[in-house]
Structures are given as C-alpha cells and as structure tokens.
Asker: 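Next up is a structure, given as structure tokens.
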Protein chains: 2
Amino acid sequence: MHPPPFQGNLAQSAIRRLNALRQLSDQAIALLQQAIQQRIRRVGAGEDLACEGDSIDSVRILLSGWLCRYKTLEDGRRQIVNFVLPGDTCDAHVYLLSSMDHAIGTLTPAVYAEIPRGNFEELLAGDRSLAEAFWCETIVNIAMQREWTVNIGRRTALERVAHMLCEVFVRLQTVGLIEDNTCTFPVTQMDMADATGLSVVHVNRTLQELRNSGLIKLRDRVLTIVDAEALTITALFSPDYLYTKRPG
Amino acid sequence: MHPPPFQGNLAQSAIRRLNALRQLSDQAIALLQQAIQQRIRRVGAGEDLACEGDSIDSVRILLSGWLCRYKTLEDGRRQIVNFVLPGDTCDAHVYLLSSMDHAIGTLTPAVYAEIPRGNFEELLAGDRSLAEAFWCETIVNIAMQREWTVNIGRRTALERVAHMLCEVFVRLQTVGLIEDNTCTFPVTQMDMADATGLSVVHVNRTLQELRNSGLIKLRDRVLTIVDAEALTITALFSPDYLYTKRPG
DNA sequence: CGGCTGATTGATCCCGGTCAAATGAGGTGG
DNA sequence: CCACCTCATTTGACCGGGATCAATCAGCCG
C-alpha cells in the first residue's frame, strides 16, 4: 500500500494544509511548490527522522506517510505527543532553538521535502501569506498539544481513544485523505497506547468497545468512521482547536 | 503578600524571561520597557483574563502574580494545561488565529501589561532580537506543552507532582523569584490536581510523601525545595526543554 | 517450517479515584 | 469576643478503571 502513489502533485497536501490555515496567494503556492520540489527525500518505516538533542538546520514538510513525535523516559516509558500527517511541517521555526526536545519517528515509509533553513527564510520573505500560514501552523500545534494534555489528563480510556480518532479524521479530511469516511490508519495498538497514555491491552479492549458499539471499523490498518456523530459525542470532541476550515 | 512590591522595575521579569531565550540588545530592552509601561492593568484572584472562544487583539505580558491556562469539558472536568508566571507572555501571536482555544484564569491577584496588536507588531518590527525572543517563547511553549503531555501520560503520581514542582522552580529561577530555594507557590491542591490529572485527595497524599521524604517543604503557599537533586531524580526531570540559560 | 510482530483473551492486582467526614484557618457580622 | 460560614487541607474506608502478567492466535517473511 505504502509507498504512496506518485501521480498527481506531491506538494498537494502541504498546499491544502497551509491553505486551510491562511488563504494562500497564487504566488505563495508557486513558491511553495518550487521549494518543495527542490529536495525530496524518502525514508522507511520505523526510522527516526530526528532524535532528542539533534540540532536542526532545515525544515521538513511531510508529503506522504505518517510520522509521530515522541519522548522517552530514561526507563523506556514512551509517550507519543502527536502525529505528523501529510502536509504537516515537522519543525518550522524550531531552528530558533538550539536542538530538538523530542524525537520524530516514522510509522510508515514516508516522503518529505527538506528545505534548508536559509531557503526557508527566503521563502517566508517572498510571500506574506505563506509566512503567516507557517506561523499559524506553529500556533495550532500548541493548541493541539494543549488538547492532547486535556485528553490524557481528564478523559476516560474510551473518550481518549475516540478523541484521537476524531482528531486524526478531521486532520486527514483537510488534506483530502478521507474517502467515504475511510482512511488508512497505520498505527499499531502499541503506538495508540503510547499516544493515549494507556496500555496496549486496554487499547485493544477499548477499540473493541468502539467497534461493538458500531462507531468505527478498524481492520488491517483501514479505519472507517461508521457513526461520526456518536463518535464525536463519546469523545467530547470539538474541532475548534484545529482552526481549519474544512474543505467542501 | 500579593499585591506585589512596587519598588524596582515592573518590567524586570519580562526582560529577564525574554533575555534568557535570546540575548536582548539595549535598544530592545528600552523598547520593551516603554511598551510595557504604556498600559498596566490589575486583576483580582479567581478571575478570567480570557475565556475559550474570546477573540484576541492585544498581547498581555504578566508582570506579577500567577495565571493558569485551562480547558474545561462539558461536564465540568477541568485540566490546567500550563501555568503563566511573571515575565511570561499570555498570547503573543495568538491573534494570528481567530479566537482562544483555552481560557486563562488568575490564581492570585495579578499585574500585567496590555499591548494592542498594532503596537506589538511595531515593537517586533523595531528590533530583531526582540522579535526572535517572542518567537522563541512561543516555540518553547510547544516544548513545555509536550512535556506536560508526557508528564500526565507516562509518569506516576509521585513523579508527576515532583515534575511540576521542578518545572515551576526552574522557571521562577529564570525570572529571579527564587531565594534560598524558596518561592511562593500560590496553587491550591485542587489546582495541582487539575494540573497533573490527579484527584485532590491523591495530590494531598503525594505531597505528604514528598514532604516526608525530605524533598520539599510546602505550607501556607510557601514552597521550599529541600533536596533539589533528589527531587529532580524522582521527577525524572531534565530542564532542557525549557531552553533557558539559568542566570548566575 | 520456524521466527517475528501484532492482535486478542483471561486472570489477577494495584494505583489512584470516590465518598464522606473531620479539622483548621481566615473572614464577617452581630 | 463569639457564632457562623467558607474554603482548603487532611484522613479513613472502599471501590474500580486500567495495568500487568501470561498465553494464545494470526499473518507474514525468509
């Protein structure tokens, strides 16, 4: 299934993502497209794009595949703090800091554009709407991270897992990766556990509950939201914090 | 105790905070000081500076007192997602988005500067180091939020509470509010519970454990870190994610 | 075929939640 | 000065959601 289809424009998801945050001018789109096509890289599943402590001097934009940001405690406990989906920027502006505070790993084989820091700054200087869109993305990342904090801190296991699915669903919709309420969901239950602060066993049982209640289907890395409204309600989900106008 | 002492420069904490992120030029400090003194506001304890959904068109910089950012679920469950300490900016750049995704409430009476959006942008345009410092602050906020996610997701109750104390301690050190390993800590156990994702009762017992182990003293809103090293170890705390050079 | 990774199931345990009541420190008004 | 109220902390008893441990099962690959 992965590697991803190569027909169509590789930069499409990034354009959609940024455009959902800030209306992009034609010029912005052209500049972006050009910058992305400069250097395309591929990486396999289960690799690290960056580790805690790494220094950063380029900006990466994910074009296809899934990544996750995570941190690890000394004794091995791991927390996935967010997913990086196609169109997302890995670390815009993080170069303002000296090094990575977290790691970024691949959940699937992935394709991304790598833009050296200098080129990225030129890009931002070249178009205001583009610069603002990237900043919006950064700010939305804080909002997302806050919601994850709430999710893990105050929601029950069932609500948590449901909420994670709702968020991913809305985000994938923005970049056009949902069809018939269905998408690929290449996340092992182990990963879901690390993302929700639960144990694998309990994630398994929670997913069964969601399936048995007729809210979702999930099998072989394919997720279908069967009853979006009910899922939203059980998750106590509201998409406001994602600040994205939905397409269509 | 609060209201805060008025001798000395009110803008001091903000200068220290930003300067710890990016070396500020003399010009930057002058500009900042001037912008802050333009409009100083005060607010009592237990008030909201902003609610979820509010639109934002000014930037607020906390000069003294404590605030917290929080989100509430429909049924009343509340999660404090971070504290705002003297010198911190409430919502730099958040005006890029349409509205607040979270609320900001006061834990104590507080004093803050309010800078209208336009003035703030002038300020940034006036000095590069200042603009970068504010952006750094925003980016560090993401890093902090990630660490909170890890804290709540993967640390035990004891580790969590200890970690929260460590973070606050280091942050207060940056702005010069620690003396003899002691600071005011105006957070009720109820608030601590909402910040750590625990229940009040369990926070109470956890604090007792930390006290009985000789790691901290905490009474009447005064916190003393008795054994910083041991506390750091039990918390699995590393200050790297705060990206602040410690003073001294 | 054997080895590996991921999903599933069952049994048991315990960390931390919940409920309820007591204690204590201000604060206020008579 | 005292009675009373409120809010925060503390304590005790009990409970339960989710963790842990341990198999088993199902694909997939070499």
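No experiment lies behind these values; they were computed from the predicted model shown. Values below: all heavy atoms of this structure, side chains included; hydrogens, waters and symmetry mates excluded.
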Asker: Could you point out which residue of Gln145(B), Arg69(B), His102(B), Gln79(B) forms a side chain to side chain donor-acceptor pair (under 3.5 Å) with Thr149(A)?
Answerer: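 Running side chain to side chain donor-acceptor pair (under 3.5 Å) over Gln145(B), Arg69(B), His102(B), Gln79(B) with Thr149(A) returns exactly one hit, Gln145(B).
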
Asker: Both conditions, 6.0 Å and 45 degrees, for the charged tip of Arg221(A) above the ring of Phe185(A): are they met here?
Answerer: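 No, Arg221(A) and Phe185(A) do not form such a contact.
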
Asker: Starting at CZ of Arg221(A) and ending at C1' of dA26(D), how long is that distance when rounded to a whole Å?
Answerer: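 Computing the Arg221(A):CZ to dA26(D):C1' distance gives 13 Å.
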
Asker: To the nearest Å, give me how far apart CG (Asp220(B)) and C1' (dA8(D)) are.
Answerer: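 After rounding, the reported distance stands at 11 Å.
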
Asker: Over how many whole Å does the gap from Asn204(B) atom CG to dC7(D) atom C1' extend?
Answerer: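 Rounded to the whole Å, the gap is 15 Å.
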
Asker: Send over the distance from His202(B) NE2 to dT10(D) P, rounded to a whole Å.
Answerer: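 Nearest whole value for this atom pair: 15 Å.
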
Asker: Considering every strand and a 4.0 Å limit on heavy-atom distances, what is the contact class for Thr206(B): base, sugar-phosphate, or nothing?
Answerer: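 No contact.
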
Asker: Atom CG of Leu207(B) and atom P of dA8(D): how far apart are they, to the nearest Å?
Answerer: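 These atoms are roughly 15 Å apart.
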
Asker: NA contact type, Arg155(B), heavy-atom cut-off 4.0 Å: base, sugar-phosphate, or nothing?
Answerer: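 Result for Arg155(B) = nothing.
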
Asker: Going by an N to O cut-off under 4.0 Å, is there a salt bridge joining Lys71(A) and Glu52(A)?
Answerer: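 Answer for the salt bridge query: no.
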
Asker: Regarding Arg154(A) and Asp194(B), does a basic nitrogen lie under 4.0 Å from an acidic carboxylate oxygen?
Answerer: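 Salt bridge present between Arg154(A) and Asp194(B).
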
Asker: Between which nucleotides of DNA chain C, read 5' to 3', does contact with chain B run, using atoms under 4.0 Å from its heavy atoms?
Answerer: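 The footprint of chain B covers dG16(C) to dC19(C).
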
Asker: Using a 4.0 Å cut-off on heavy atoms, which residues in residues 189-200 of chain B reach DNA chain C? List them by number, or say none.
Answerer: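 Under 4.0 Å from DNA chain C: Gly197(B), Leu198(B), Ser199(B).
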
Asker: Can you check whether Ile216(B) reaches Thr224(B) side chain to side chain, under 4.5 Å on heavy atoms?
Answerer: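 No - every pair of side-chain heavy atoms lies 4.5 Å or more apart.
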
Asker: Starting the side chain at C-beta, find the nucleotide from dT11(D), dA22(D), dG18(D) nearest to Gln208(B).
Answerer: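 Per side-chain heavy atoms of Gln208(B), the pick is dT11(D).
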
Asker: Assign Arg77(A) to base, sugar-phosphate, or nothing according to its heavy-atom contacts below 4.0 angstrom with the strands shown.
Answerer: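 Arg77(A): no heavy atom of the nucleic acid under 4.0 Å.
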
Asker: Roughly how many Å is it from CG in Leu158(A) to P in dG18(D), rounded to a whole number?
Answerer: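 In whole Å, dG18(D) P lies 9 Å from Leu158(A) CG.
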
Asker: State, to the nearest 10°, the angle formed by the axis through the first five base pairs of the helix from dC1(C)-dG30(D) to dG30(C)-dC1(D) and the axis through its last five.
Answerer: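 Its terminal axes enclose an angle near 30°.
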
